[in-house]
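What follows is a short report on a single structure.
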Amino acid sequence: MNTSILLVDDETDFLDSINRVLKRAGYKNVRSDHDPRTTVASLEKGESFDIAILDITMPHIKGTQLLEKIKNKSPNTNVSC
Ligand SMILES: [Mg+2]
C-alpha cells in the first residue's frame with residue numbers, strides 16, 4: 001500500500017515492532033523517527049504524511065507539540081497520539 005505513515009516514538013523497541021507490523025500488513029511507505037527533531041526537519045523540507053502515529057512523552061519535543069507542527073505544515077494528515 002502506498003499510504004505514507006509516520007511513526008515517532010523515543011522508545012526504539014516499540015518503534016521497531018510497530019514498523020514491522022505495518023510492513024507485514026503491506027504498508028511499504030513507513031517512516032519511523034526516534035527523535036522528533038528529525039521529524040520536524042523533514043516537515044520543514046516539505047515532507048508530508050497521510051497518517052502520523054505519535055508518542056506523547058518524548059525528549060526535546062512533546063508529541064502534542066509535534067502534532068501542532070504537523071497540523072500546521074500538513075493539515076490533511078490524520079494523527080493519532
Ligand atoms: Mg516515550
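Nothing here was measured: the structure is a model prediction, and the numbers come from that model. As the structure lists them, so they are numbered: ligands from 1, and atoms in each ligand from 1.
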| field | Heteroatom N/O/S of Asp10 within less than 2.8 Å of the Mg ion (ligand 1) | value | yes
| request: Establish, from distance only, whether the side-chain atoms of Asn19 and Ser32 form a donor-acceptor pair under 3.5 Å. | output: yes
| Quick check: does Thr57 put an N/O/S atom under 2.8 Å from the Mg ion (ligand 1)? | yes
| said: If you compare all heavy atoms of Lys73 against all heavy atoms of Leu43, which two are closest, and at what distance to 0.1 Å? | reply: CD-O, 4.0 Å
| Taking the N/O/S atoms of Asp55 one by one, which is nearest to the Mg ion (ligand 1)? | OD2
| request: Take atom NZ of Lys71 as the centre, draw a 6.0 Å sphere, and report whether it contains more than 12 heavy atoms from other residues, nucleotides or ligands. | output: yes
| said: Given Ser74, which partner from the list Thr77, Asn76, Asn72 fulfils the side chain to side chain donor-acceptor pair (under 3.5 Å) test? | reply: Thr77
